[in-house]
A.B. asks: 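First the structure, then my questions, so here it is.
Note that these values count all heavy atoms, side chains included, but never hydrogens, waters or copies made by symmetry. Numbers restart at 1 for each chain; the letters A, B, ... are given by sequence-line order, proteins then strands.
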2 protein chains.
Amino acid sequence: MSAARPITLKALAQQLGLSPSTVSRVLSDPAGRDSKWAAPETTARILALAESSGYRPNPYAASLRTNRSNLVGVIVPRLQDYVLATIYEGIDEAALAQDYLTMVSNSLDVPERQRDKAERLLSHRVDGLIFGDASAANLPYLDELSGRGVPHTLVSRRVPGHVSVTCDDHEGGRLIARHLVASGRSCFGVIAGRPGTSTSIDRTAGFLDELEQLGVPRDDVSLISGGFDTPAGREAALRLLAERPSTDAIFAVNDFAAIGALGVLHARGIRVPDDIALAGFNDTALAAGVELTTVRSPMHEMGKRGYALLVEILGGGTPESELLTPELVIRATA
Amino acid sequence: MSAARPITLKALAQQLGLSPSTVSRVLSDPAGRDSKWAAPETTARILALAESSGYRPNPYAASLRTNRSNLVGVIVPRLQDYVLATIYEGIDEAALAQDYLTMVSNSLDVPERQRDKAERLLSHRVDGLIFGDASAANLPYLDELSGRGVPHTLVSRRVPGHVSVTCDDHEGGRLIARHLVASGRSCFGVIAGRPGTSTSIDRTAGFLDELEQLGVPRDDVSLISGGFDTPAGREAALRLLAERPSTDAIFAVNDFAAIGALGVLHARGIRVPDDIALAGFNDTALAAGVELTTVRSPMHEMGKRGYALLVEILGGGTPESELLTPELVIRATA
DNA sequence: CCGATTGCCACAAACGATTGTGGCAATCGG
DNA sequence: CCGATTGCCACAATCGTTTGTGGCAATCGG
């Protein structure tokens, strides 16, 4: 019932007839078995007792002394979003491998919430922050953090002036455009996602640039903004069909929006891809489930790199932003 | 560039000409404005300076002294799973409201990983744990935790001997069965999910019990186990169609598996629900997207209650497990 | 053979909070 | 008017680490 108070360093030292300092140095020496802080035999005794007694250093005492927490905070729009959840998994995996722990919070893409969550994390003295929700709307806060010297990196979305690791979204948009044109489509609709986010902006820009390059008149493509989720996709698809019935290809910049669109196409009895081709973005697990043509973005890798760059910054480095390469995944819908 | 060292309590006290103890008591008194630890005017001065100087108590120093961290650890099978992500959001929301922070980790439903992640969290001195991945396979570890006096609760899945908050899965299964029979179905397939988990076991048991009660011969229903995700659903559906072509209704105990099944039905040109009715479970966002008939389980609420019960335990209470009531959501597929 | 290294280890001062104890003045009760 | 209470506050110990400094013996170089 009563959770026994964990063994302390002092207790360990006492049992060993040593001073806490020696035990501490040996235990925290990365060299481990052959640390130079004690005689080999002493080192062995320390390691053995630490192991058998199940000693766990109290991280609070350590952090208090060292002023480092080995904790990184992560802010995402929403963990329910498969894409961000996957990126976070990548972050967490990389962090765990270095004995860092992570804490994650949802910002719901609203700036004051982002600020609130981030400050909360900072109150808990995280060593650095990783943002998955950067956008034009919260750029001021990010800039403030830079000014305050708070180490941070961005993943998934980029904004000017901050180190980020993102998918080459522009290129991703081009890939889709090329594929749709190659398969004979001529009247395009873009479900463009949330305004002010680089994922939305870059993907549609890439799409438009490639179309232009391929000689498609700008008049033959219509854009609809909204959100990244399924309901947003439904709504956008409805508007698209209403405003331009001649549409024969739809590019949703996010798989979830694409699935929403797919729902209305099915409901209308529109055949996919025969009547209208549909493509998404990200290659989430669901995309495979519904045979959706999409672009694979290396989400997991993005998280790992985002963490790695943060560590570089924490170490005093000044890394460059990274662009990960996307890959076209052709399935049944386009 | 250099992150200025945060203001300390001692510094505050010095500027105020008071002792740290007084400042500490006033600041941490929930009564706030009218705490009885100092003269009203003094209290006001303290509060004012704390505010204007942006004082943030160092949580490590506090935890070291109080032996409490105001941190709870959460273990889920996988955050990519919308269901668990939503439950976690509920946990986190409830925790934040009480100034608790949460840390979450994936166990991938493998027992040694669960143990590893949980121990890691315990090393960081979380006050308690919430498990979203309880199953027959890791029951021994959960029992061990009970023995060690580690406060914990379960969400989503239940297991004997541990306090949990789950959906009334048995009842949920009954709801689907009743609906399918009422709409004239007679040959049933169940995509049963991961063996050893209560969500799988209870939902199919409820389904079978209700069918029996409605007079459906046990021979007219076939069960297929596997996993909870989309690929598992695909595979199960394929087997189902092969083994029993007369099937006219499928109950997948999870929306994602259902969507996998939906994919193969579409691919085979089988009309839903005309040829085969399909129902899922959980009412995830995707279910609405594909017009899937399903059972709504209160995921967010589950998280909040799971946290609340943990707090009760931390306070020395001994709460009962809770069963949240599900709700049938009829859409297009059944 | 003697002074300088080197190997091994202990002392003690932090880190920044919380909290038991106690002191002094002003006010109260009778 | 006097002893007891109350209001307001300070002292100092403590939580469990890390780390600068230094001491003693054994070994080394010349």
A.B. asks: Run the ring-ring contact (aromatic ring centres under 6.0 Å, His included) test against H300(B) and tell me which residues pass, sequence neighbours left out.
C.D. replies: none
A.B. asks: Can you measure Q14(A) atom CD to dA10(C) atom P for me and round it to whole angstrom units?
C.D. replies: 12 Å
A.B. asks: Distance alone, cut at 3.5 Å: any donor-acceptor contact between the side chains of E93(B) and Y307(B)?
C.D. replies: no
A.B. asks: Give me each pair satisfying salt bridge (charged side-chain N to carboxylate O under 4.0 Å, His left out) with a member in residues 40-59 of chain B, each pair once, sequence neighbours excluded.
C.D. replies: E119(A)-R56(B)
A.B. asks: What is the distance from NE2 of H124(B) to P of dT17(D), rounded to the nearest Å?
C.D. replies: 13 Å
A.B. asks: Salt bridge (charged side-chain N to carboxylate O under 4.0 Å, His left out): which pairs involve residues 79-89 of chain A, sequence neighbours left out?
C.D. replies: E89(A)-R78(B)
A.B. asks: Tell me: CG of L18(A) to C1' of dT17(D), nearest whole Å?
C.D. replies: 17 Å
A.B. asks: Measure CH2/W37(B) against P/dT6(D) and give the value in whole Å, please.
C.D. replies: 15 Å
A.B. asks: I need the full list of ring-ring contact (aromatic ring centres under 6.0 Å, His included) pairs touching residues 108-145 of chain B, with sequence neighbours left out, sorted by first then second residue.
C.D. replies: none
A.B. asks: Which residues satisfy the ring-ring contact (aromatic ring centres under 6.0 Å, His included) test with Y88(B), sequence neighbours excluded?
C.D. replies: none
A.B. asks: Could you tabulate the donor-acceptor pairs under 3.5 Å formed by side-chain atoms of residues 149-156 of chain B, not counting sequence neighbours?
C.D. replies:
residue : atom : partner : partner atom : Å
H152(B) : ND1  : V150(B) : O            : 2.8
H152(B) : NE2  : H162(B) : ND1          : 2.9
T153(B) : OG1  : G306(B) : O            : 3.1

A.B. asks: Roughly how bent is the helix from dC1(C)-dG30(D) to dG30(C)-dC1(D) end to end, in steps of 10 degrees, with each end axis from five pairs?
C.D. replies: 30°
A.B. asks: Tell me which residues in residues 41-53 of chain A lie within less than 4.0 Å of DNA chain C, going by non-hydrogen atoms.
C.D. replies: T42(A)
A.B. asks: How does protein reach along nucleotides 14-20 of chain C, written 5' to 3' as B (base within reach of a heavy atom under 4.0 Å), S (only sugar-phosphate), or - (no contact)?
C.D. replies: BBBSBBB
A.B. asks: Side chain to side chain donor-acceptor pair (under 3.5 Å) with E312(B): which residues, sequence neighbours excluded?
C.D. replies: none
A.B. asks: Please list, chain by chain and in numerical order, all residues satisfying salt bridge (Lys or Arg N to Asp or Glu O under 4.0 Å) with R113(A), sequence neighbours excluded.
C.D. replies: none
A.B. asks: Does anything in residues 13-23 of chain B form a salt bridge (charged side-chain N to carboxylate O under 4.0 Å, His left out)? List the pairs, not counting sequence neighbours.
C.D. replies: none
